[in-house]
There are 4 protein chains.
Amino acid sequence: MTRATASARPPGRPRSGVNAVVFAATLSAVHELGYARATVDRIAAAAGVAKTTIYRRWPSKGELVVDCLLDAFGPVPLEGAGRAELMSSAVRWIAAKISEPGVGDAFAGVFSDAVSDPALRKVLSARLQEPYRVALREALGEPDGRVLFFIDVVVGTLLHRMGMTGEPMVEADVAELVEMVVPHFGGDAGTAEGVSRGSR
Amino acid sequence: MTRATASARPPGRPRSGVNAVVFAATLSAVHELGYARATVDRIAAAAGVAKTTIYRRWPSKGELVVDCLLDAFGPVPLEGAGRAELMSSAVRWIAAKISEPGVGDAFAGVFSDAVSDPALRKVLSARLQEPYRVALREALGEPDGRVLFFIDVVVGTLLHRMGMTGEPMVEADVAELVEMVVPHFGGDAGTAEGVSRGSR
Amino acid sequence: MTRATASARPPGRPRSGVNAVVFAATLSAVHELGYARATVDRIAAAAGVAKTTIYRRWPSKGELVVDCLLDAFGPVPLEGAGRAELMSSAVRWIAAKISEPGVGDAFAGVFSDAVSDPALRKVLSARLQEPYRVALREALGEPDGRVLFFIDVVVGTLLHRMGMTGEPMVEADVAELVEMVVPHFGGDAGTAEGVSRGSR
Amino acid sequence: MTRATASARPPGRPRSGVNAVVFAATLSAVHELGYARATVDRIAAAAGVAKTTIYRRWPSKGELVVDCLLDAFGPVPLEGAGRAELMSSAVRWIAAKISEPGVGDAFAGVFSDAVSDPALRKVLSARLQEPYRVALREALGEPDGRVLFFIDVVVGTLLHRMGMTGEPMVEADVAELVEMVVPHFGGDAGTAEGVSRGSR
DNA sequence: TCGTAAGCGAGACGGTACGTCTGGTCTTTAC
DNA sequence: GTAAAGACCAGACGTACCGTCTCGCTTACGA
């Protein structure tokens, strides 16, 4: 085994590092124009890149935005003393992310496109939901169904507020959201008597 | 003053009763094709009506769908012995409605469109959210903010599930949703000590 | 017979008379920019018309140009005392048409596109060649094969000159072309001994 | 004679014999897909060569095809007893070449492209027409104008037939072409009145 | 019974975005 | 220096949809 089995590096001109620039341009365009009017052409122009370059990397506008969100979110911060703190920090983290300029719009935008586009829906759930679901499942020790329900509640609530008002949820309401979900999902393992008293 | 206060009747040819047909065609088209591909042309064709007729009655596709949903929902059923039962029945009612073929897709669809369209957002919140907010406020005796939060949680969760999976939320999860919100919003007036213990 | 059997008029908004405007814009654009760079977008803009309007009427750029040429050519002038005069005037007519600004370029352009596009080739031969072939066949009393050959020689020669030099054929060469084809196709019926001595 | 007469040899790595391969791939691609869809990418792939290699050797698709045709044609065969036979053999030679698979399509294709591209037109006339014009002028002893006209007629006719029908001109029509041009250009110097006009 | 006001069907039209394709250039690595 | 591989740019193409507009026709009411 001389030179490593895995390809040393693919031949041809390597891709230039435009992903970050495109992501920034995407968020900025979505923030300023809204999801629907954030044209691929406009994003390309803002990023100083040809449209073909974008379509070479992402097969559709939807997938571009999904990757963009993935990049914007990064991994869930799962530090925290107990379950309560852990859940609380996760909720506050996603709420903060969705509040960032462009992110909430972009999220709601792809989400809405995905409603009518099964292919995009698959991408959305596989790329954007799956990793967090897995991470949360391991951190909380809850079955998949519960974790998915947790995500539905938290993200759904935040997006609904965003969609209805055009503004991200204010701090006080995020706090109430935390107060609602933490007890339900078992405030603190060991102390709470009704952990996962859900019917499942 | 003899002639009645409300205008006896507007001049010109009265509108024929096509609204119901258009609503049905809309839901059916959305159910079969998804929101985005449920073209106004297609809806018109399915309803056996000219596109002009639709645009004479509704200024945009979004408002058509809003009216369609309004028609599909009807008033909230607010019967129920106590607060708990009342909230529970409201949650189950909206969950059932969103499960009806086409309704969930249509709801998620307009909702998504509204993200990038402030005008539609205004319509959505004024026509589709307002009436239920008022009804719930009076039935529950909670301040506006709490009621809005309640709606965000319930509807947001249901729509997120619908958008992510393409399927309405199953009964077991609806039950869990009830179990989560009812205690939080004050299980039963009078007995519960922590009614609206929320931070507001 | 009260109202005439033939449909009084089709329903819907009648087409506005944009054809002529589009034809003019097409020739002008082709003349100024050449066939390839005479974009449909540019033609539409020059005609003050939406691109969709063009694509509603003509399925492709090629067919638009074919119709444009058809409009520019008009019917063959088949007056003339004898066969010789008739042929001569036809040759000079097509030579003059091809010399008009834009026409030659447009002709050579579609022609070239048709080489790689069987569908366009069919349109070209059916719409642009057929009528003239029929008219010439009846005027000259020659079999189809001979008429097609006549067209190949005359149009082919003129286009080849145009394509090679970028300029239409000068008068002297057109005269030589006439001198070549007229004797070959039977100078004048009755007098010429070798009328259509061809074997077809 | 050890060192060869001219240039010992250019420095650097000698070009491998890819020209022939590319020419073959070009003709084959054009034959199978038509000129327009015979992409440079596809030609490169078919030749097992990188696109860069093609663009290093030929500055544009047009020039590649011109060289390809030059290679396919080779020199005009100018043997023949008298003028008539000489012209006849030249016509039949070019007709046969244009009938070869891919050659006619390629010729018509570049020709068409040249209409909108002055640079390509220059190349076309300088590389593809000039040598034959010179050879014919010396062989026939006609002035340049006449020779160019001869080429316009013969090549124009053959290409027009090819472009309109998609098929090369059949033998019978080639014969008629010969019968038309030979007398016009002076069948046999001074003597022959009707050289081989009845050959069909 | 006629005029006015509006509803309605059919479809053209403007505008705008999407995603695809191509020609041609540039960058990197390997020989 | 030549070649392979492929990223990149610029920009045209054809399609889809929305919402508006233009017609001709029909239905109602009121004078």
Side-chain angles (χ1 to χ4, degrees), chain A residues 8-16 18 36-42 44-45 48-62, chain B residues 8-16 18 36-42 44-45 48-62 64 113, chain C residues 8-16 18 36-44 48-62, chain D residues 10-16 18 36-45 48-62 64 113 117:
Chain A
R9 182 176 148 185
R13 176 176 174 175
R15 292 192 170 175
S16 58
V18 296
R37 293 197 324 204
T39 311
V40 176
D41 276 284
R42 260 191 274 246
V49 142
K51 193 166 60 151
T52 25
T53 298
I54 290 186
Y55 277 104
R56 189 178 314 107
R57 294 169 183 230
W58 299 278
S60 71
K61 180 181 169 181
Chain B
R9 180 173 147 187
R13 175 177 175 178
R15 292 189 170 176
S16 57
V18 296
R37 294 198 325 206
T39 312
V40 176
D41 277 281
R42 264 192 270 243
V49 143
K51 193 165 63 150
T52 6
T53 299
I54 290 184
Y55 276 104
R56 190 176 311 108
R57 295 170 183 228
W58 298 277
S60 71
K61 180 182 171 180
L64 161 61
D113 268 14
Chain C
R9 181 174 145 187
R13 177 175 175 176
R15 293 195 165 174
S16 55
V18 295
R37 294 196 323 204
T39 312
V40 175
D41 276 286
R42 259 192 271 246
I43 292 171
V49 142
K51 190 169 62 153
T52 31
T53 298
I54 290 186
Y55 277 105
R56 190 177 313 107
R57 294 172 181 228
W58 299 278
S60 70
K61 180 181 171 181
Chain D
R13 174 172 171 178
R15 291 188 170 180
S16 52
V18 295
R37 295 198 322 206
T39 312
V40 177
D41 278 282
R42 264 190 270 245
I43 292 172
V49 142
K51 194 163 64 147
T52 353
T53 301
I54 291 184
Y55 276 104
R56 192 174 311 108
R57 295 171 181 228
W58 298 276
S60 71
K61 180 182 171 180
L64 161 62
D113 267 14
D117 182 348

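Order of the sequence lines sets the chain letters (A, B, ...), proteins ahead of strands, with each chain counted from 1.
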Check side chain to side chain donor-acceptor pair (under 3.5 Å) between R57(A) and all other residues, then give those that pass, not counting sequence neighbours.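 Expected list: N19(A).
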Quick one: is [X] getting a side-chain N or O under 4.0 Å of the [N] phosphate, OP1 or OP2?
X      : N      : answer
R57(A) : dC8(F) : yes
T53(B) : dG7(E) : no
R13(A) : dC8(F) : no

R15(B) versus R56(B), closest heavy-atom pair with distance: NH2-O, 3.5 Å
Comparing R15(C) and D117(D) on DNA chain E - which has the more 5′ nearest nucleotide: R15(C)
Here's a test of your reading of the structure: between G48(D) and V18(A), which maps to the more 5' nucleotide of DNA chain F? G48(D)
List the protein contact pattern of nucleotides 18-23 of chain E with one symbol per nucleotide (5' to 3'): B for base contact, S for sugar-phosphate-only contact, - for none; contact means a heavy-atom distance under 4.0 Å. SBBBBS
So does R37(B) have more than 12 non-hydrogen atoms from other groups sitting under 6.0 Å from CZ?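 No - once you tally the heavy atoms of other residues, nucleotides and ligands closer than 6.0 Å, there are 12 at most.
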Select base, sugar-phosphate, or nothing to describe what V49(B) touches, counting heavy atoms under 4.0 Å on all strands. sugar-phosphate
Sequence-distant partners of S60(B), side-chain contact (heavy atoms from CB on, under 4.5 Å), two or more places apart: E63(B)
Applying side-chain contact (heavy atoms from CB on, under 4.5 Å), can you list everything that pairs with A50(B), at least two apart in sequence or on another chain?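 Checked A50(B) against side-chain contact (heavy atoms from CB on, under 4.5 Å); matches are T52(B), T53(B).
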Starting at CD1 of I54(D), measure out to NZ of K61(D) and round the result to the nearest 0.5 Å. 11.0 Å
Taking atom [atom2] of [N] as reference, at what distance in whole Å does atom [atom1] of [X] sit?
X      : N       : atom1 : atom2 : value
W58(C) : dG14(F) : CH2   : P     : 14 Å
R56(B) : dC23(F) : CZ    : P     : 16 Å
I54(B) : dC17(F) : CD1   : C1'   : 14 Å

